[in-house]
Number of protein chains: 2
Amino acid sequence: MLEPGALEIFKAHLKKNNLKFTTERFQILEEVFETHEHFEADELLDILKDKGFRVSRATVYRTLDVLVQCGLVNKLNFGGSSAKYEHVYGHTHHDHIITDDGEIIEFYDERIEELQKEIAEKHGIVLTNHVMQLYGYKKDSK
Amino acid sequence: MLEPGALEIFKAHLKKNNLKFTTERFQILEEVFETHEHFEADELLDILKDKGFRVSRATVYRTLDVLVQCGLVNKLNFGGSSAKYEHVYGHTHHDHIITDDGEIIEFYDERIEELQKEIAEKHGIVLTNHVMQLYGYKKDSK
DNA sequence: GTATCTGCAAATTCTTTGCAATGTC
DNA sequence: GACATTGCAAAGAATTTGCAGATAC
């Protein structure tokens, strides 16, 4: 489901940057908000093709870039060989726990967020973003 | 300077896994501990070549893997296209602040470490590792 | 001596790019 | 109608792999 407002943000960003609102960009935007999981560029391409849309890999990569730029999508790196993406709009910020069997748990902790700000401050840095990933295994699995 | 103990850990790991202690692996180990910064596989190769060692790129990648496996080296991902490495032994764990002009500041905060453990626990996860990178810009630069 | 290593160059994987045809504004 | 966009296939960048000769144990 395309979050209310996402389309407007996207269009505004396109206009501001002299970019055009094309069918392909719209289809990609929609699909990105359809998927409530982390996905790779290639997976998104496959889904789009399965649904009968005719989009190229190049356009998927190019459009994901645009979506990251306007803040509607996060680009993540969990250490694998390819980048993961997740849509952002309408979601609160969160971090990730990655288990050894590949499960991804999202969490948010206000106290850590505060400490991060404090630490950055101490080093004279204004935070714009952060990445925090906890790796581990399930207590009952080992 | 090769940290005292690192060589022993390396050799023990090799023996345990039926791997051989070769000239190349030793040269790479030494150089990894010579460099007190984050480096890429290719940069390490260049340094080794400059010093007159004859090592191949393949061996550098293969040996870095071994070093990561035995815990002497961390593989990091700051979002660029290539992985960064840093040696670990003798250093306390730390996280990173990455500024928009590419500077990397290391920090450690016990309180966050505790909270991370607590959060993982709450989700039934035993932490084995984590990644935390704060992105921002210098307060006086903008 | 045998099994592991190395270097090389080719192969892979993910991502980006140049270009001619096409679509938006 | 001008200029951005698309798809394609080729290029690029980082990393991995197969293999034949070299080396550690």
Side-chain angles (χ1 to χ4, degrees), chain A residues 7-8 10-32 38-49 51-70 73-85, chain B residues 7-8 10-32 38-49 51-70 73-85:
Chain A
L7 183 60
E8 287 68 24
F10 188 48
K11 281 186 164 175
H13 176 84
L14 293 178
K15 184 161 287 182
K16 195 170 73 177
N17 292 280
N18 228 31
L19 305 175
K20 290 179 177 162
F21 184 70
T22 63
T23 317
E24 290 81 1
R25 285 182 174 156
F26 178 61
Q27 289 167 348
I28 291 168
L29 172 70
E30 271 203 309
E31 193 49 49
V32 160
H38 306 99
F39 58 89
E40 300 177 6
D42 244 46
E43 291 169 355
L44 181 60
L45 178 66
D46 286 345
I47 295 172
L48 287 165
K49 293 229 159 148
K51 293 198 175 177
F53 296 124
R54 248 190 256 102
V55 197
S56 70
R57 188 187 319 283
T59 297
V60 167
Y61 275 104
R62 289 190 274 230
T63 302
L64 282 172
D65 266 2
V66 177
L67 289 170
V68 168
Q69 244 128 65
C70 66
V73 166
N74 263 342
K75 188 173 182 176
L76 306 163
N77 213 314
F78 292 139
S81 54
S82 52
K84 303 259 185 201
Y85 297 86
Chain B
L7 184 59
E8 288 68 24
F10 188 48
K11 282 186 163 176
H13 176 84
L14 292 178
K15 184 160 287 181
K16 196 171 72 175
N17 292 278
N18 231 31
L19 305 175
K20 289 177 175 162
F21 184 70
T22 64
T23 317
E24 290 82 0
R25 284 181 176 157
F26 178 62
Q27 289 168 347
I28 291 168
L29 173 71
E30 271 202 309
E31 193 49 48
V32 160
H38 305 100
F39 58 89
E40 299 178 6
D42 244 46
E43 292 168 353
L44 182 59
L45 178 65
D46 286 345
I47 294 172
L48 287 165
K49 293 227 157 150
K51 294 199 175 175
F53 296 124
R54 247 189 256 101
V55 197
S56 69
R57 188 188 320 283
T59 298
V60 167
Y61 275 105
R62 287 189 276 230
T63 303
L64 283 172
D65 265 1
V66 177
L67 289 169
V68 168
Q69 243 128 64
C70 66
V73 166
N74 264 342
K75 189 174 182 176
L76 307 164
N77 213 313
F78 292 140
S81 54
S82 52
K84 303 259 184 202
Y85 297 86

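Chain letters run A, B, ... following the sequence lines, proteins first, then strands; residues in each count from 1. Values below: every heavy atom of this structure, side chains too, minus hydrogens, waters and symmetry copies.
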Interatomic distance where [atom1] belongs to [X] and [atom2] belongs to [N] [whole Å]:
X	N	atom1	atom2	result
B:Asp65	D:dT17	CG	P	9 Å
A:Phe53	D:dG7	CZ	P	13 Å
B:Glu43	D:dT15	CD	P	11 Å
B:Asp42	D:dA13	CG	P	11 Å
A:Leu45	D:dT6	CG	P	13 Å
B:Gln27	C:dT6	CD	P	10 Å
B:Arg25	C:dC5	CZ	C1'	6 Å
B:Glu40	D:dT15	CD	C1'	12 Å

Looking only at side-chain N and O atoms, does [X] come under 4.0 Å of OP1 or OP2 in [N]?
X	N	result
B:Arg54	C:dG7	no
B:Thr59	C:dG7	yes
A:Tyr61	C:dT16	no

>> Any side-chain to backbone donor/acceptor pair from B:Arg25 onto B:Lys20? Under 3.5 Å, distance only.
In response: yes
>> Tell me if a side-chain donor or acceptor on A:Glu30 pairs with a main-chain N or O of A:Gln27 at a distance below 3.5 Å.
In response: no
> Do A:Leu44 and A:Val32 come close enough that some side-chain heavy atom pair is under 4.5 Å?
Replying inline: yes
> Between A:Val68 and A:Asn74, is any pair of side-chain heavy atoms under 4.5 Å apart?
Replying inline: no
Just list the side-chain donor-acceptor pairs under 3.5 Å for residues 59-66 of chain A, sequence neighbours left out, or say none.
residue, atom, partner, partner atom, Å
A:Thr59, OG1, A:Ser56, OG, 3.2
A:Thr63, OG1, A:Thr59, O, 2.8

>> From the set C:dT6, D:dA13, D:dC8, return the single nucleotide nearest to any side-chain atom of B:Ser81.
In response: D:dA13
> Hey, which of these two, A:Glu24 or A:Ala83, hits DNA chain C nearer its 5' end, going by closest nucleotide?
Replying inline: A:Ala83
>> Using a heavy-atom cut-off of 4.0 Å across all strands, would you classify B:Asn18 as base, sugar-phosphate, or nothing?
In response: sugar-phosphate
> At under 4.0 Å between heavy atoms, what does A:Arg57 touch on the DNA or RNA strands: base, sugar-phosphate, or nothing?
Replying inline: base
>> So if I define the base as every atom that isn't primed, P, OP1 or OP2, how would nucleotides 18-25 of chain D read as a B/S/- string at a heavy-atom cutoff under 4.0 Å?
In response: B-----BS
> So is A:Lys11 actually on top of A:Phe21's ring, under 6.0 Å and inside 45° of the axis?
Replying inline: yes
> Taking only residues two or more places apart in sequence, or in another chain, which ones meet A:Glu24 in a salt bridge (charged side-chain N to carboxylate O under 4.0 Å, His left out)?
Replying inline: none
